[in-house]
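The analysis underlying the following values was restricted to heavy atoms, covering all of them including side chains, and did not include hydrogens, waters or symmetry mates. Numbers restart at 1 for each chain; the letters A, B, ... are given by sequence-line order, proteins then strands.
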There are 2 protein chains.
Amino acid sequence: MSTPGRGLHGRVLDTLGPAITAGEYPAGSVLRTDELAQRFEVSRSVMREAVRVLESMHLVESRRRVGVTVLAECEWNVYDPQVIRWRLAGSERPRQLRSLTVLRSAVEPVAAGLAARLATPEQCAELTECALGMVANSRGHRLEEYLFHDVAFHRVVLTASGNEMFARLGGVVAEVLAGRTHHDVMFEDPDPAAVTLHVQVAEAVRARDAERAERLTREITEGALQELDILAP
Amino acid sequence: MSTPGRGLHGRVLDTLGPAITAGEYPAGSVLRTDELAQRFEVSRSVMREAVRVLESMHLVESRRRVGVTVLAECEWNVYDPQVIRWRLAGSERPRQLRSLTVLRSAVEPVAAGLAARLATPEQCAELTECALGMVANSRGHRLEEYLFHDVAFHRVVLTASGNEMFARLGGVVAEVLAGRTHHDVMFEDPDPAAVTLHVQVAEAVRARDAERAERLTREITEGALQELDILAP
DNA sequence: TGTGACATATAAGTCTGACTTTTTGTTCCC
DNA sequence: GGGAACAAAAAGTCAGACTTATATGTCACA
């Protein structure tokens, strides 16, 4: 799924990043660059580069005479794709998946509404194609093929919204959908109602009906919330 | 507003980051670490650390025998607070402000709905206090005081939503609101209707009326969209 | 006893130079 | 013309020496 770390500093991050995001070092823990360099058997320069990257993600803070301090979770750049991947790979996966699904429920309906206004004819066609692909693979345990078209569908919607902030969430949605298919629920075929909704969204976008596209997408994301038991008490 | 770069590599980033995000180096441009080190009069190690940070933001990619390649805008980590600040400081500011306002319009109503369900009594009190502060400073060109309470209000809503992804957008909202007050429109007192809406949102949250809190917040954000002329054609 | 100035130790920060590794592009031969 | 061998270029890595900021402890003085 994600590329393994390029270069030595990348290898270090592949171990240190997940460890920190997993909460292995509580906030306030102090590490020393020299010690880390010895532990990972790399030179100080390599370790310094790794620390700089962690610092840019606001996972740690480096201060003279003190060392490398692990920051509190509320400081982390939780939108950094790398941080998201690390957290999805760890024990915090369920909580992370919930956070991201709530984010989806806010963003995707608005994105669909914008897409209905701004999508190019090509994007409309792509959307229809994806929806048809979902229909075609919605029966007979063709989960991988279904997932592929599902991800593509949502990516097109987010891109067609014309908002770069939305577009950049395509990867997040892909992770969430893949997570749902591979790890969590979904042992049987997808909900036919959800499939129908996707087809209808594609129709609404093509028909330039923003209000309808938004409402239908909201139904889709509310279904996703319910699957994870995120409801009003 | 933002802290100046810590250490030499931070100083380098303070000029190189804005330059890249401003599109000064078109996508595909190739830089060489040694040359950059000379240009900024720092050692190669310092320059390498700076490049590592830019790489973690997906602004550049470093490859052997090639150099440091500037990546296309669609690759950038546009949610990185540092990247957001750099772009807001450059000529792309208006476009960036629009993107972020659209994001707000998606996120804040949902966050307000969640806040109505999950806010602690303390948060409800804070919210009311902020709204009252806005009312008290809504007349007589007390723009700074008004802004202060406005920012606090939206931060509380985002935090009270209980979703960390929402909570981390507090800084973004602060930038957008500050930008509106300082640079763009708003020479006169804020719209009384908007002030009233904030008060009503605070009431709705305290009354645990999620649906109402969401709808009212949507009205607020739609007002923000209209200010920037983001409308259906 | 408390407080301020000063000394000291510590860990990050910086610089330099030498060496390694990967990758690209060229050249040369079949 | 195509493929293999080769050379050059730039990033990557390492080791060591030195600098700087700063937390903390010490001591004198009030």
Value rounded to 0.5 Å, distance of CD1 in I84(A) from CD in Q96(A): 6.0 Å

ring-ring contact (aromatic ring centres under 6.0 Å, His included) partners of residues 30-85 of chain A, not counting sequence neighbours, each pair once: Y79(A)-Y79(B)

Side-chain donor-acceptor contact under 3.5 Å, H154(B) with H198(B): yes

Within residues 53-65 of chain B, residues whose heavy atoms come under 4.0 Å of DNA chain D: S62(B), R63(B), R64(B), R65(B)

Partner residues of T33(A) under the side chain to side chain donor-acceptor pair (under 3.5 Å) criterion, sequence neighbours left out: none

Residues from residues 34-43 of chain B lying under 4.0 Å of DNA chain D - heavy atoms: none

Of all pairs that satisfy ring-ring contact (aromatic ring centres under 6.0 Å, His included), the ones with a partner from residues 92-127 of chain B, not counting sequence neighbours: none

For T15(B), side chain to side chain donor-acceptor pair (under 3.5 Å) partners two or more places apart: none

Pair D150(A) + R180(A): basic N to acidic O under 4.0 Å: yes

Along DNA chain C, first and last positions that approach a heavy atom of chain A under 4.0 Å: dA9(C) to dT14(C)

Close side-chain approach of V12(A) to M47(A), heavy-atom, < 4.5 Å: yes

Sugar-phosphate, base or nothing in reach of S45(B), heavy atoms under 4.0 Å: base

Donor + acceptor pair across side chains of S56(B), S56(A) (<3.5 Å): yes

Side-chain heavy-atom pair L143(B), P190(B) within 4.5 angstrom cut-off: yes

For chain A, the stretch of DNA chain D it reaches, first to last nucleotide, under 4.0 Å of its heavy atoms: dT13(D) to dA23(D)

With sequence neighbours excluded, residues passing side-chain contact (heavy atoms from CB on, under 4.5 Å) with L147(B): E144(B), V151(B), L177(B), A178(B), T181(B), H182(B)

Which residues share a side-chain contact (heavy atoms from CB on, under 4.5 Å) with A19(A), sequence neighbours left out: E24(A), Y25(A)

Strand contacts (DNA chain D) in residues 4-19 of chain B, 4.0 angstrom heavy-atom criterion: none

Any L118(A) side-chain heavy atom under 4.5 Å of S161(A) side chain: no

I'd like a table of donor-acceptor pairs (distance under 3.5 Å, sequence neighbours excluded) in which one partner is a side-chain atom from residues 61-74 of chain A, with atom names and distances.
| residue | atom | partner | partner atom | Å |
| --- | --- | --- | --- | --- |
| E73(A) | OE2 | R87(A) | NH2 | 2.6 |
| E73(A) | OE2 | R95(A) | NH2 | 2.7 |

Check: H149(B) and N137(B) side chains under 4.5 Å, non-hydrogen atoms: yes

